[in-house]
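Source: prediction; values computed, not measured. Reckoned from all heavy atoms, side chains included, excluding hydrogens, waters and symmetry mates. Here is how names work: the chains are called A, B, and so on, in the same order as the sequence lines, proteins then strands, and each is numbered from 1.
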Amino acid sequence: MPEKIYIQWFRQDLRLADNPALSHAAESGSVIPVYILDQVHGGDHRPGGASRWWLHHSLKALDESLQGNLNVFQGDPKQILQSLLEKHRASGIFWNRCYESWSRNRDASIKQFFKEKGVEAESFNGSLLWEPMEVLKSDDTPYRVFTPFFRNACLNAPPPREPLPVPKNLSLLKSELSESVESLGLLPKVPWDRKIEPHWRVSEKGGQEKMLEFFEKGLMHYKESRNFPAKSYVSRLSPYLHQGQISSNQAWYGGLDKHSGKNLDHFLSQLGWMEFSYSLLYHFPDLPTKNLHRRFDAFPWNDDPKRLELWKKGLTGYPIVDAGMRELWQTGYIHNRVRMIVGSFLVKNLLLHWKHGERWFWDCLVDADLANNSASWQWVAGCGADAAPYFRIFNPVSQGLKFDPDGAYTKHYLPELKKLPGKYLFSPWEAPAEVLKDAGIRLGTDYPHPVVPLKESREKALEAFSMLPKTKSS
DNA sequence: TGAAATGTTGGGGCG
DNA sequence: ACGCCCCAACATTTC
C-alpha cells in the first residue's frame with residue numbers, strides 16, 4: 001500500500017527546524033510542501049513592499065532547503081488547496097496557526113470544509129510561546145497590562161515547547177500545478193531593494209546565524225546597550241521571527257541555554273512583548289485600525305500631507321528623527337529606540353494620526369508584523385494597551401544627545417551633518433552662523449529648518465490631549 | 001521604555 | 001562668625 005500523502009501549508013513559518021506542522025506531516029507520510037500567496041484575504045494588510053521583498057527571498061531559500069520541492073501558488077487558498085488535494089489524493093493538510101482575524105476566519109472555514117469531506121485538517125502552534133486563548137486573567141478577560149501578563153500569566157504557565165529538530169527522511173513531492181516563486185511578482189519593479197539587500201541574509205540559516213551572533217556578541221550587553229542605535233547590541237531578529245525563519249521558541253531556549261541574569265531577562269521580556277502584542281491582536285481584532293482606548297477617537301489630528309511627506313523622507317529638520325527615517329528607507333529596519341523617537345515625533349509633535357505611521361512602517365519594514373506594528377503604534381500614541389502616557393513626549397534633541405552621544409548613528413544616515421560639532425548635531429538651528437559655515441551647512445539648503453518648533457508643538461499636543469474626554473473605556 | 005517646572009539642599013563668596 | 005545670595009545638584013511634581 002502506497003504511503004499516504006499530506007499537504008504542509010507554509011505561512012509564517014518558513015523554516016524546517018522547530019516546525020510542529022511539518023514534523024507532524026513528515027511523521028504521517030509523504031509531504032507536499034506548499035506556499036500560497038493569499039490574494040483574497042487581508043485587505044490593506046497584505047504584505048507591504050519590504051515584506052514582499054523579504055518573502056521572495058524567504059521562499060527562494062525555503063525552496064532550496066526543500067531541494068526545489070516547494071510548491072508555490074497565488075490566489076484563494078481554499079480553492080488551491082482543494083485542487084491540490086484532489087489532484088494528488090492527499091489524506092490531509094497541516095499548518096501552523098496565524099492570529100490575524102481574517103487568517104483565523106479563513107483557516108476555520110478551510111478546516112471545516114476539509115473535515116466535512118473526511119480529510120484530515122489540523123493546525124499547530126508554531127510561532128507563539130503561549131497562545132492567546134490560554135493566557136487570560138482569572139475572570140477570563142484578556143490582559144491589558146504587560147507586566148502581569150508576562151510575570152503572572154506567561155511565566156507561571158507551563159513552559160513553552162522545546163524546539164523540534166528538522167524532520168528526518170522528509171519524503172517530498174512536487175506538484176506540476178506549482179508556479180515559480182518569481183511568478184508571484186514579489187520583487188519591486190523599481191529596484192529599490194538593492195539598497196536594503198546588503199543588510200540582510202534572508203533564509204532560515206541566515207536567521208540562525210543572526211541569532212547565534214547575537215547570543216555571542218550582543219546579549220551580554222543587552223540591558224544597558226540596546227538603547228544605543230550606533231551599537232549592534234540589539235538582536236535584529238524581528239524580520240526572521242515575523243516570517244518564521246526562526247521561532248520564538250528557538251530564541252527563548254537559545255538564550256536560556258547560553259545566558260542568565262538581567263541581560264537575559266530583558267531579552268526574554270522583549271519576546272514577551274511580542275506575545276503580548278499577539279494576545280492583544282487576538283482578543284481585540286480591531287487593533288490595527290481602531291484606538292484601543294476609544295476616548296482617543298475624539299482626538300483632533302492634523303491633516304497635513306506635506307508634513308507627513310517630510311517625516312517619511314527624513315526631512316523634518318530634527319536629525320535623530322531624520323536619521324531614523326532614512327535608516328528605515330535604506331535598510332528596511334529601524335533600531336527600536338529610534339522607532340519610539342520617530343513615532344513620538346509623528347504623533348505628538350506633528351499631531352498626525354498614528355495610522356499614517358503604521359501604514360508607512362507596514363510598507364517599509366522588513367519586519368512588518370500586524371500584531372507588533374499596530375500594538376506598538378498604539379503604544380506610542382498613548383491610545384494602546386499599557387501605553388506610554390500621552391504626556392510622555394520625547395525631545396528629539398535630548399534623546400539624540402543621550403542615546404547617540406558621539407553622533408555616529410546620526411552622521412551615518414545624515415552625512416550632510418558630518419562636520420557639525422556634537423554640541424549642535426541634534427539642534428543645528430541653534431548653531432552659530434560661523435559653526436554652520438565651518439561645517440559646510442546652509443540651513444534650508446543642505447539640511448532643512450525644523451518643520452515645527454519643538455516647544456510650541458509639544459505644548460499644542462499637551463493641550464489637545466488634555467481636551468479629550470476623561471471617560472475610561474475601551 | 002520622558003521632559004520641564006518647581007522645590008530643596010548645601011557649599012562658597014562676600015559684606 | 002553670621003546672614004545673605006547665588007547656583008549647581010538633586011529630588012519631587014506636573015504635564
TODO: Report the C-alpha distance between A:Trp9 and A:Phe94 in whole Å, list the side-chain angles of each, state the deciding distance to 0.1 Å, and finish with yes or no for ring pair (Phe, Tyr, Trp, His ring centres under 6.0 Å).
DONE: CA-CA 6 Å; A:Trp9 181 17; A:Phe94 304 124; over 10 Å; no
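Scanning for side chain to side chain donor-acceptor pair (under 3.5 Å) contacts around A:Asn349 gives A:Ser457, with sequence neighbours left out.
Ion pairing between a basic and an acidic side chain is recognised when a charged N comes within 4.0 Å of a carboxylate O; A:Asp446 and A:Lys418 show no such pairing. Taking the charged nitrogens against the carboxylate oxygens, A:Lys411 and A:Asp404 have no contact shorter than 4.0 Å, which rules out a salt bridge.
Taking atom CG of A:Asn349 as the reference point, atom C1' of C:dC15 lies 14 Å away to the nearest angstrom. For the pair A:Tyr233 OH and B:dT1 P, the computed distance is 21 Å after rounding to whole Å. For the pair A:Phe276 CZ and B:dT1 C1', the interatomic distance rounds to 14 Å; values are reported in whole Å. Between A:Tyr222 atom OH and B:dT1 atom P there is a gap of 13 Å when expressed in whole angstrom units.
Between A:Leu241 and A:Ser248 the shortest side-chain heavy-atom distance falls below 4.5 Å.
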Using a cutoff of under 3.5 Å, can you pull out all pairs of nitrogen or oxygen atoms linking the protein to nucleotides 2-7 of chain B, with atom names and distances?
from  : atom 1 : to       : atom 2 : distance (Å)
B:dG2 : OP2    : A:Arg337 : NH1    : 3.2
B:dG2 : O3'    : A:Gln399 : NE2    : 3.3
B:dG2 : N2     : A:Phe391 : O      : 2.8
B:dA3 : OP1    : A:Asn395 : N      : 3.2
B:dA3 : OP1    : A:Gln399 : NE2    : 2.9
B:dA4 : OP1    : A:Asn395 : ND2    : 2.9

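Judged by a 6.0 Å distance limit and a 45° cone about the ring axis, A:Arg104 is positioned over the six-membered ring of A:Tyr282.
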